[in-house]
Amino acid sequence: MAIQLHSEHKYMTVPPKTFPLNSPLYLKFTSTSSISPRLSVFSISLKKLEMGLVSSLRFRRRNNKTFLRIFMILVLSCIPGRTNLCSNHSVSTPIDLPPGNPSDIRSLLDSLDLEGYISFDDVHNAAKDFGNRYQLPPLAILHPRSVSDISSMMKHIVHLGSTSNLTVAARGHGHSLQGQALAHQGVVINMESLRSPDIKIYKGQQPYVDVSGGELWINILRETLKSGLSPKSWTDYLHLTVGGTLSNAGISGQAFKHGPQINNVYQLEIVTGKGEVVTCSEKRNSELFYSVLGGLGQFGIITRARIALRPAPHMVKWIRVLYSDFSAFSRDQEHLISKENTFDYVEGFVIINRTDLLNNWRSSFSPNDSTQASQFKSDGKTLYCLEVAKYFIPEEANSMNQETEKLLSELNYIPSTLFSSEVPYIEFLDRVHIAERKLRAKGLWEVPHPWLNLLIPKSRIFDFATEVFNNILTSNSNGPILIYPVNQSKWNKRTSLITPNEDILYLVAFLPSAVPNSSGKNDLEYLLKQNQRVLSFCAAENINVKQYLPHYETQTEWKSHFGDRWETFAKRKYAYDPLAILAPGQRIFQKATHLSPIQLL
Ligand code: FAD
């Protein structure tokens, strides 16, 4: 996602959301059934109950939905320590500290035999994320040196069971937006410390690279380029970890062709919520494999991934053209993603109420016709920029130029607005980092980011664009708005990623930076309300949008996000993380309390 400079503003720190410590934990069981959650207080062995239910299930051998629902409710309600898998609590409900003396917990964690180490001081960095709106300090940070460090920690916490409220968040690069990688008073695992295995490349018919789950994509790119290879699918920004993006999807301008990053993984190594180390792939432990991909960190910690590679190009022809008519813009985008021989990257963005736009581009792009370009006036209009790229090696520059010209001749952009540039492949892929460096130098990187990412079905994109870009938003001077279609029919449907049910979807990403203590359109509250207006419009108009990088406050909202896939998601949670220890910052499930004794599976 492109980042924009806001040089004229002075940013200040905004008071982050904090939750009081030592406040009571409320557990309320309000599932679709009235069956009590407290079966665990009776001395029923969970294992026996499970076995009975499973054999009864076998006996029935019917895919009866009602029966499945009752089964789920019974099983979920029997989870040791009353894991609140089916509560309707507001997930912002304050969570209390682990019971007993925190120093006991510290010494318990300290007693672990690790190759890495645990730190109890200096936890403030793991208390926030890129979104910069939540401040939730963990109790400790694990800096693992090996997979067994992570497994030992998980097993230890499973063993403590409901006698502690300890949760665990794998933290990649902490570039989440709403506290998804935080674990309030729990253990944050600093995945970037996990340096093994080294990045290992395998050439051949189907080349791939084995990497640690804590590896940054930029490092993988640098390393694979040495062998003339590269991953196929990217995010716009590469200083994110493999585990972080595979827990979501990893979508960028290549996703229409290769699918998101979760479509380009051959194998994973996972430490589950029970502490087990499991290798999985499409053929081996496939249920876990697909659960974890797009699984929001709920089922296990990705410690290793095998990523598909392709031959790397050397150079990229990078092109921008403008439209004033949304229909023409989206028609051309859809035309490009439907073709077999097309660009390698297709994205786009919206420009609302900006002046001097083309002059800004001149620093990195050259106009095709500078006289015509200088006559173009963007003042005040809502414009749509199509951004495309063609990869090439220098020996093929001529044929690449011919193909590019042919593709451009099929489009209906404003002729005077054709701009292009040729850059090395790595510079193109790492483009947002250049903006990051500039923002950091000005102290403008660590400000609140009230971002909103939506997946919108093609059938409603025109309604969405007409209202949102013309009425709800009156400017986008505080950050870019990306918009581009992807062809979901090429995506694997077995992952945990939730998308609207249409072949072509648009990713629309509102990426503003808030200016603390400002009033008006750059203020955090204003931007949050604007996001809410967009969501309310979609709800009122029955536009079946799905949030990408989703964030919800209640489990009812999560259930609606998952729709008919909720039961499967909850069932998988029970299978792989029955105490709901993992990724508490997603606020989907709540960890067991210390109120009832633990029965280990
Ligand atoms: P974190 O924020 O550290 O973690 C995210 C979630 O994954 C947390 O729940 C965490 O517990 C879990 N997690 C982390 N590591 C693991 C692991 N090893 N195993 C299991 N769970 C784990 N996304 C796109 O798809 N396309 C884009 O173009 C794009 N551009 C971005 C640009 C910027 C500047 C930023 C800040 C974000 C962008 N994102 C984009 C979003 C990004 O992909 C997600 O926020 C991603 O989660 C960040 O990765 P991370 O390593 O920082 O993960």
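Just so you know, these numbers use all the heavy atoms, side chains as well, and skip hydrogens, waters and symmetry mates. Order of listing sets the numbers, starting from 1, for every ligand and every atom in it.
Which parts of ligand 1 touch Gly250 is read off a 4.0 Å heavy-atom cut-off, strictly below it: atoms 25 (O).
Any N or O atom pair closer than 3.5 Å counts here, and Trp445 shares no such pair with ligand 1.
Distances shorter than 4.0 angstrom do not occur between any heavy atom of Gly295 and any atom of ligand 1.
For Trp451 and Phe130, the gap between ring centers is short of 6.0 Å.
Contacts between Asn248 and ligand 1, counted as non-hydrogen atom pairs separated by less than 4.0 Å, involve the side chain only. At a 4.0 Å heavy-atom cut-off, ligand 1 does not touch His449 at all. Under 4.0 angstrom from ligand 1, the non-hydrogen atoms of His175 come from both its backbone and its side chain. Within the 4.0 Å heavy-atom criterion, neither part of Trp234 lies near ligand 1. Contacts between Asp129 and ligand 1, counted as non-hydrogen atom pairs separated by less than 4.0 Å, are absent for every part of the residue. Using a 4.0 Å cut-off between heavy atoms, Ser252 makes no contact with ligand 1 at all. Of all the heavy atoms of Phe299, none lies under 4.0 Å from any atom of ligand 1, so neither backbone nor side chain is involved.
Lys458 and Asp503 are not joined by a salt bridge, as no carboxylate oxygen comes within less than 4.0 angstrom of a charged side-chain nitrogen.
Both the sub-6.0 Å distance and the 45° axial angle are not jointly satisfied by Arg572 relative to the ring of Phe569.
Relative orientation of the His433 and His239 rings is parallel, given thresholds of 30° and 60° on the angle between their planes.
Every side-chain contact (heavy atoms from CB on, under 4.5 Å) that Ser233 has, sequence neighbours left out, goes to His258, Gln261, Asn264.
Between the side chain of Asn285 and the backbone N or O of Thr279 there is at least one donor-acceptor pair closer than 3.5 Å.
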Can you list, pair by pair, the side-chain donor-acceptor contacts under 3.5 Å of residues 115-125, counting residues two or more places apart and other chains?
residue, atom, partner, partner atom, Å
Glu115, OE2, Ser146, OG, 3.2
Ser119, OG, Asp121, O, 2.8

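Nearest-heavy-atom check against atom 15 (N) of ligand 1 across Gly297, Ala435, Gly244 picks out Gly244.
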